[in-house]
Amino acid sequence: MFADRTNWNLKANPLSEALARHRAAGEPLFDLTISNPTECGFDYDSPAILQALANPASLAYDPNPRGLLGARQAVAAYYAARCTEVPADDIILTTSTSEAYSFVFRTLCNPGDEILIPEPSYPLFAFLADIQDVRLVRYPLDYDYGWQVNSHALQQRITPRTRAVIVVHPNNPTGHFTKAHELKKLNEICSAQNLAIIADEVFLDFALHADHPSFTFAHNSAALTFTMSGLSKISGVPQMKAAWLVISGPDQLKSETVARLEIIADTYLSMNAPVQHAIPALLEQRHSFQTQLLARARKNLAELDSQLAAQKSCSRLVVEGGWYAVLRVPATRSDEELAIELLAQKHVYVHPGHFYDFPSEGFLVVSLITREEEFAAGVKLLLSMF
Ligand SMILES: Cc1ncc(COP(=O)(O)O)c(C=O)c1O
């Protein structure tokens with residue numbers, strides 16, 4: 001009865017089962033995986049947000065496949081604030097970056113075509129690819145006092161079926177930003193091989209060190225480039241379902257791409273009017289949200305480092321941006337077994353590296369947006385395991 005693409009393993013994984021049992025037993029829990037900003041005690045300007053959703057203009061239906069012009073102009077202003085000019089006409093609004101990925105995969109790929117993705121990276125790609133009948137091929141990020149793209153390995157993974165290279169900038173969970181020389185190399189590879197670049201910039205604004213240069217791909221023109229971001233992370237409002245796609249690249253290719261994408265977007269018209277009208281105000285919220293989030297992430301990172309300095313078994317990998325830190329821990333069992341033991345013995349919940357396709361055991365991922373007291377206590381318990 002079902003399509004092969006939905007033949008997923010529907011059973012909960014052992015760690016999720018252990019977590020459900022732990023919660024059901026009412027045991028204490030130090031959750032170091034939290035990624036939902038609305039549950040982290042940040043101070044939102046609730047009246048401004050609610051007022052933005054009550055715009056009388058929302059009473060009219062004025063469909064536009066790219067999204068309402070006012071909302072796209074607000075997104076263009078977001079890039080202008082980063083000194084990057086993006087024409088509002090090159091922006092398409094979507095309900096999430098996941099939807100943006102789907103639109104791009106549908107535009108570029110026939111069934112069985114391939115997309116290159118970084119390893120380690122974000123676990124949702126596998127499902128997005130399955131649903132769009134796309135095959136994911138991984139290219140390694142190497143770690144050597146910092147992460148870098150292994151561009152030689154990336155080139156070796158390209159086949160006649162490759163359509164695009166995904167770059168997560170900064171990457172989740174490694175927190176590494178693409179560097180200018182990596183962008184140059186990527187442009188050379190992609191323009192020579194007729195591949196597109198898909199740049200996921202949902203964490204772009206979250207550079208953990210003030211002096212970090214973080215350019216956007218949104219005006220990259222050497223190769224066809226799809227840059228995506230959205231309000232889930234930028235303004236900490238994932239419940240609003242507001243994201244976008246910026247198309248850049250050689251002029252003619254860009255126009256043809258926008259025209260094709262517009263047909264896909266027109267088929268769904270999935271953005272609702274109240275949220276589109278609220279986008280300028282919701283984007284405005286990012287200033288206060290990002291100030292709070294960065295203060296917390298930096299404080300938690302400093303706390304982590306000070307606790308790590310007092311022991312010798314575990315260390316932290318270099319992180320430049322985003323909401324997570326990666327710990328290197330003794331690989332005496334699988335990361336999943338370790339995460340289950342941490343839960344049972346120390347009441348600490350962390351993500352094992354294999355959730356993110358780390359190539360070997362010995363890595364745990366912790367969320368830097370956890371409330372400070374819970375983070376400090378959770379890290380202490382975690383380190384006491386070794
Ligand atoms: C790298 C990355 N891209 C995209 C998303 C999802 O964003 P959205 O809520 O816009 O689908 C996430 C969520 O954690 C993410 O980590």
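When reading the values below, keep in mind they use all heavy atoms of this one structure, side chains included, and skip hydrogens, waters and symmetry mates. Ligands are counted one by one from 1 in listed order, and the atoms in each one are counted from 1 as well.
- Atom numbering of ligand 1 starts at 1 in the shown order; those under 4.0 Å from a heavy atom of Val168 are 1 (C).
- Heavy atoms from both the backbone and the side chain of Thr97 come within less than 4.0 Å of ligand 1.
- Scanning all protein heavy atoms for the shortest distance to atom 12 (C) of ligand 1 gives Tyr122 OH, 3.1 Å.
- Evaluation of the salt bridge (Lys or Arg N to Asp or Glu O under 4.0 Å) rule for Glu27 yields no partner, not counting sequence neighbours.
- Ring centroid separation for the pair Phe217 and Phe215 comes in under the 6.0 Å cut-off.
- Trp147 meets the ring-ring contact (aromatic ring centres under 6.0 Å, His included) test with Tyr143; sequence neighbours excluded.
- At least one N or O atom of Asn172 sits closer than 3.5 Å to an N or O atom of ligand 1.
- Those atoms of ligand 1 that come under 4.0 Å of a heavy atom in Phe203, given as number and element, are 16 (O).
- Residue Ser35 places no heavy atom under 4.0 Å from ligand 1.
- Below 3.5 Å of separation, one finds an N or O of Lys233 facing an N or O of ligand 1.
- Side-chain contact check for Ser16 and Asn13: at least one donor-acceptor pair (N or O, by modelled atom type) lies under 3.5 Å.
- When non-hydrogen atoms are compared, ligand 1 lies under 4.0 Å from neither the backbone nor the side chain of Glu99.
- Atoms of ligand 1 found under 4.0 Å from any heavy atom of Ser98 (numbered from 1 in listed order, with element): 11 (O).
- With salt bridges taken as basic N to acidic carboxylate O contacts below 4.0 Å, none links Arg157 and Glu119.
- Test Val149, Ile166, Val165 against Pro118 for side-chain contact (heavy atoms from CB on, under 4.5 Å) and you get one pass: Ile166.
- A salt bridge does not link Lys299 to Glu303: none of the charged side-chain nitrogens sits closer than 4.0 Å to a carboxylate oxygen.
- The six-membered or imidazole ring of His351 lies near that of Tyr349, with a centre-to-centre distance under 6.0 Å.
- In terms of protein heavy-atom proximity, atom 3 (N) of ligand 1 is closest to Asp200 OD2, 2.6 Å.
- Considering backbone and side-chain N/O of Tyr101, none are found under 3.5 Å from N/O of ligand 1.
- Counting heavy atoms under 4.0 Å from ligand 1, residue Ser232 touches it through the side chain alone.
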